[in-house]
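One structure is given here, and the rest of the page talks about it.
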Amino acid sequence: MKKKYLVILGVVLILICFIVTIASGRQYTLVIPCIQGEENIENYDISADQNYEIFRVTDKYIRDGNLYITLNSVSKGKAYIDISSGEFSHMDIVYVHRFGIITIGNYFGRANGSFIIPFAVTLYLVIILASVIVRYRKDMKRSIYRYENIRHLGWIVYLISLILGQRVFFISSPVDAIRSVMNSAADFAVVALPFAFVVSVLVSVSNIVLVFREGRNWRNLLGVILGIIICMATISPIIVSDLLQKSTILDVHNECGIAAYVDIGLTNVVLIAVTYLECILIAAIILTVKAARNIPSFNKDFILILGCQIHPDGSLTPLLKGRTDRAMEFAEMQEKATGKKIIFVPSGGKGSDEVVAEGQAIRNYLVENGIPEERIITEDRSENTFQNMKFSLELIKDKINVSEPKLAFSTTSYHVFRSGILAEQQGIHAEGIGSKTKSYFYINAFVREFIATVYSEWKTHIKVVLEMVIFFLMSDLILYLSNIL
């Protein structure tokens with residue numbers, strides 16, 4: 001569903017809530033537990049301040065140990081109502097609004113008819129979730145290799161956390177509904193903190209292994225950096241809040257003071273931003289694994305083997321050998337299933353420290369393993385994955401007269417998703433298949449996909465986070481105004 005329709009739907013739901021509240025809000029029944037031994041209605045005195053004329057008591061009775069006092073609105077205003085009996089005393093604030101709606105507790109407090117608000121909020125979130133799921137499924141059918149798929153899946157995770165966090169049957173006012181959304185949005189980050197800490201430890205350990213085995217490289221430390229950022233961002237509001245609690249400059253202990261709401265607002269903003277990024281990270285992990293486990297359909301004409309570093313003697317490293325073996329395995333699977341033979345396209349140029357081009361080294365390995373030379377087309381100019389895809393397709397179209405070849409590509413499992421995206425960015429439709437790799441590569445690969453996702457759509461992510469920040473700051477402002485009006 002397009003954003004403008006979601007905005008229209010939101011306005012319609014707000015109007016429905018408003019109409020229902022107006023229709024039933026001119027009356028409100030206070031429910032107060034009776035004190036033991038004081039269950040005679042005549043023992044309770046009901047008084048109010050000078051604005052008593054804004055409402056009138058139309059009924060009062062005791063049932064099931066509770067005192068029920070029914071109020072009807074008379075005119076706009078604010079009054080304090082006191083119910084007392086002996087040592088028992090209960091005080092509430094009564095607001096009567098322009099349309100005669102009675103709210104209790106604060107300006108946007110409890111009201112008859114406000115029960116519809118949490119259901120409307122939950123319904124709205126469910127509709128947004130359904131809309132995102134439809135968009136996600138539609139885009140996934142087109143191709144899994146899109147960064148927007150990660151964004152959409154991240155939104156699905158995020159919206160599910162919001163919906164599950166709604167306390168629908170414990171909400172009795174608009175203020176409660178706002179707090180419920182804010183709390184459920186922030187709770188995800190707090191609940192996820194132990195997992196984020198464990199993940200950061202695992203990432204750190206895997207990155208240490210990666211550095212020792214693959215060499216010192218800033219890319220090999222991305223996981224550690226991200227884990228530290230997530231943990232620090234999650235606990236920073238707690239630290240700041242603790243400092244504010246001890247501060248003598250700002251009075252955060254005054255529940256009606258602006259300092260308390262600044263504290264709440266800053267805490268929620270940070271936690272909500274962290275929650276959103278955690279959901280994007282979860283989505284990146286899910287789609288990277290999904291892409292790695294995918295088996296291409298058995299209708300392919302060509303399979304590209306993406307090159308990487310070779311040994312000094314020109315032989316294949318275990319990583320590259322795994323990619324080539326996986327390509328031959330897929331070719332065998334396809335031939336058994338459909339009888340269709342596939343043409344291999346080993347791809348990779350010659351690095352300054354390599355004796356032959358990577359594509360040529362892969363070709364030699366294929367021939368050694370019984371693949372006929374006529375079923376091999378070697379690409380030996382590319383220097384990166386983007387060029388692997390581009391130059392291989394150009395070579396295929398040059399040597400074989402085919403306009404839309406059906407392509408697969410073989411690479412290491414953690415590299416499948418990004419390779420597919422690089423192909424899609426050039427309009428090349430290809431399915432990837434992944435070879436096994438060492439476990440310590442995976443975590444860092446997930447982190448790289450997450451960072452690549454955020455970087456590729458950084459304007460969109462900033463826009464989304466800013467929209468959420470504005471929404472929750474406005475919600476915080478409503479809570480503040482509701483207490484001071």
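Along the sequence shown, residues are numbered consecutively beginning with 1.
Side chains of Asp301 and Ile343 form no contact here, defined as non-hydrogen atoms less than 4.5 Å apart. Using a 4.5 Å cut-off on side-chain heavy atoms (C-beta onward), Leu407 and Ile396 make contact. Side-chain atoms of Leu159 and Val132, non-hydrogen and from C-beta on, do get closer than 4.5 Å to each other. Contact of the Asn294 side chain with the Pro296 side chain is registered, since non-hydrogen atoms from C-beta on lie closer than 4.5 Å. Proximity of Asn299 to Thr338: side-chain heavy atoms (C-beta onward) are nowhere separated by under 4.5 Å. Between Ser419 and Phe409 the shortest side-chain heavy-atom distance falls below 4.5 Å. Between His311 and Val355 the shortest side-chain heavy-atom distance does not fall below 4.5 Å.
A side-chain donor-acceptor contact under 3.5 Å links Asn149 to the backbone of Ile144. The main-chain N or O of Ile127 is never found under 3.5 Å from a side-chain atom of Ser131 such that the two would form a donor-acceptor pair. Asp398 places no side-chain N or O within donor-acceptor distance of the main-chain N or O of Glu394, the cut-off being under 3.5 Å. With Tyr414 contributing its side chain and Thr288 its backbone, the two residues share no donor-acceptor pair below 3.5 Å.
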Q.
Assess the residue pair Gln387 and Arg381 against the criterion (side chain to side chain contact (heavy atoms under 4.5 Å, CB included)); give the C-alpha distance rounded to whole Å, side-chain angles, the decisive distance to 0.1 Å, and a yes or no.
A. CA-CA 8 Å; Gln387 292 181 357; Arg381 296 186 297 133; over 6 Å; no
**Q.** Criterion side chain to side chain contact (heavy atoms under 4.5 Å, CB included) on Tyr365 and Ile371, from CA distance to verdict
**A.** CA-CA 9 Å; Tyr365 182 78; Ile371 304 299; over 6 Å; no
Q | CA sep, side-chain torsions, deciding dist, call: Leu366, Met328, side chain to side chain contact (heavy atoms under 4.5 Å, CB included) | A | CA-CA 8 Å; Leu366 290 170; Met328 290 190 291; 3.7 Å; yes
Q: Evaluate the salt bridge (charged side-chain N to carboxylate O under 4.0 Å, His left out) criterion for residues Glu148 and Arg142: first the C-alpha distance (whole Å), next the side-chain angles of each, then the deciding distance (0.1 Å), finally the verdict.
A: CA-CA 12 Å; Glu148 53 260 45; Arg142 292 170 59 193; 5.8 Å; no
**Q.** Step-by-step side chain to side chain contact (heavy atoms under 4.5 Å, CB included) determination, Arg326 to Thr411
**A.** CA-CA 8 Å; Arg326 188 61 168 151; Thr411 186; over 6 Å; no
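In this structure, Ser392 and Leu304 approach most closely via the heavy-atom pair CB-CD2, 3.5 Å. Scanning both residues, Gly348 and Ala357, for their nearest heavy atoms gives O-CB, 3.6 Å. Closest of all the heavy-atom pairs between Ala283 and Ile150 is CB-O, 3.3 Å. Of all heavy-atom pairs spanning Phe330 and Ser297, the tightest one is CZ-O, 3.8 Å. In terms of heavy atoms, Lys340 sits closest to Lys300 at CE-O, 3.5 Å. Nearest heavy atoms, Arg323 versus His415: NH2-ND1, 4.2 Å.
Annotation: the span from Leu422 atom CG to Asn388 atom CG amounts to 9.5 Å, rounded to 0.5 Å. Note that OG of Ser435 and CG of Leu319 are 6.5 Å apart. Values are rounded to the nearest 0.5 Å. Summarising the geometry, atom CG belonging to Leu9 is positioned 7.0 Å from atom CG belonging to Leu123; distances are rounded to the nearest 0.5 Å. Going from atom CG of Asp325 over to atom CD of Glu329 covers 8.5 Å, rounded to the nearest 0.5 Å. Atoms CE and CD, on Met389 and Gln426 in that order, are 8.0 Å from each other to the nearest 0.5 Å. Note that the CD1 atom of Ile428 and the OH atom of Tyr145 stand 13.0 Å from one another [nearest 0.5 Å].
Considering only residues two or more places apart in sequence or on other chains, Glu379 meets the side-chain hydrogen bond (donor to acceptor under 3.5 Å, both in side chains) condition with Ser347, Ser382. Partners of Asn364 under the side-chain hydrogen bond (donor to acceptor under 3.5 Å, both in side chains) rule, at least two apart in sequence or in another chain, are Gln360. Residues satisfying the side-chain hydrogen bond (donor to acceptor under 3.5 Å, both in side chains) test with Ser315, not counting sequence neighbours, are Asp313. For Glu332, the side-chain hydrogen bond (donor to acceptor under 3.5 Å, both in side chains) partners at least two apart in sequence or on another chain are Lys336.
Residues in residues 345-370 take part in these salt bridge (charged side-chain N to carboxylate O under 4.0 Å, His left out) pairs, two or more places apart or across chains: Arg363-Glu373.
Summarising the local packing, CD of Gln425 is surrounded by more than 12 heavy atoms from other residues, nucleotides or ligands at distances under 6.0 Å. Within 6.0 Å of the CZ atom in Arg293, the count of heavy atoms belonging to other residues, nucleotides or ligands does not exceed 12.
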Quick one: side chains of residues 461-474, donor-acceptor pairs under 3.5 Å with protein atoms, not counting sequence neighbours, listed by atom name and distance.
from	atom 1	to	atom 2	distance (Å)
His461	ND1	Tyr276	OH	2.8
Glu467	OE2	Lys3	NZ	3.4

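Taking the six-membered ring for Trp and the full ring otherwise, Trp155 and Tyr158 have centroids separated by under 6.0 Å.
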